[in-house]
Amino acid sequence: MSPTSTGLDWTTIIVAVVTGVATGLLAPWIAPYANWYFKKKERQEARHREIVSEIREILDGEGYHKALVVLNHHNFLYIEGLLSPDARKQLHDLRSKYETFRLSETETEMCFLLRQALVEIEHKWGLVGK
């Protein structure tokens, strides 16, 4: 094709116009989904922070059987699948031992493992450093 009076090739002008029109037509359809995605991520992060703080609040609170309360808490059941297999096995073994003997040392050890698990989960969820 022959160049225009401005010196540009017609194909360059047509490609620019088609690209601009396509972008203008697609942007209103794509923008709500992008906005929804980012809002979903924000809600998910807020929920994760809430879960971790609820469990940590129980562990740091007063009273007996804190570890068992945490292990039966609905939020812990939500995050249990995120624990490493070793951590899950250790907690299961300690829980069995605690339910049999009710030793305070076992309770302390379970609380320590649960705190370590919370730190591990915070790192997996990317909550540390924000």
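All values derive from a computational prediction rather than experimental measurement.
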Expected list for residues 18-40: side-chain donor-acceptor pairs under 3.5 angstrom, two or more places apart:
{"from": "Thr19", "atom 1": "OG1", "to": "Val15", "atom 2": "O", "distance (Å)": "2.7"}
{"from": "Thr23", "atom 1": "OG1", "to": "Thr19", "atom 2": "O", "distance (Å)": "2.8"}

> How far does CD of Glu57 sit from CD1 of Ile55, to the nearest 0.5 angstrom?
Replying inline: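 That separation rounds to 11.0 Å.
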>> Looking at Glu122 and Arg56, is there a salt bridge between them, counting it only when a charged N and a carboxylate O are closer than 4.0 Å?
In response: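 Looking at Arg56 and Glu122, the cut-off is met.
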> Going by an N to O cut-off under 4.0 Å, is there a salt bridge joining Glu45 and Arg49?
Replying inline: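 A salt bridge links Glu45 with Arg49.
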>> Using every non-hydrogen atom in the two residues, find where Arg115 and Asp60 come nearest and quote the distance to one decimal.
In response: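 Closest approach of Arg115 to Asp60: NH2-OD1, 3.0 Å.
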Within the 4.5 Å heavy-atom criterion, are [X] and [Y] side-chain neighbours or not?
X: Gln44; Y: His48; result: yes
X: Ile121; Y: Ile51; result: no
X: Leu113; Y: Gln116; result: yes

Could you list the donor-acceptor pairs under 3.5 angstrom formed by side chains in residues 67-87, with sequence neighbours left out?
{"from": "Asn72", "atom 1": "OD1", "to": "Arg95", "atom 2": "NH2", "distance (Å)": "2.5"}
{"from": "Asn72", "atom 1": "ND2", "to": "Leu68", "atom 2": "O", "distance (Å)": "3.2"}
{"from": "His73", "atom 1": "ND1", "to": "Asn75", "atom 2": "N", "distance (Å)": "3.1"}
{"from": "Asn75", "atom 1": "OD1", "to": "Arg47", "atom 2": "NH2", "distance (Å)": "2.9"}
{"from": "Asn75", "atom 1": "ND2", "to": "Glu54", "atom 2": "OE1", "distance (Å)": "2.8"}
{"from": "Ser84", "atom 1": "OG", "to": "Ala87", "atom 2": "N", "distance (Å)": "3.3"}

> Excluding sequence neighbours, so at least two apart, what forms side chain to side chain donor-acceptor pair (under 3.5 Å) with Lys89?
Replying inline: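 Partners of Lys89 by the side chain to side chain donor-acceptor pair (under 3.5 Å) criterion, ordered by chain and then number, come out as Asp93.
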>> With a sphere of 6.0 Å drawn around NZ of Lys66, does it hold more than 12 non-hydrogen atoms of other residues, nucleotides or ligands?
In response: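 Buried by this count: over 12 neighbours within 6.0 Å.
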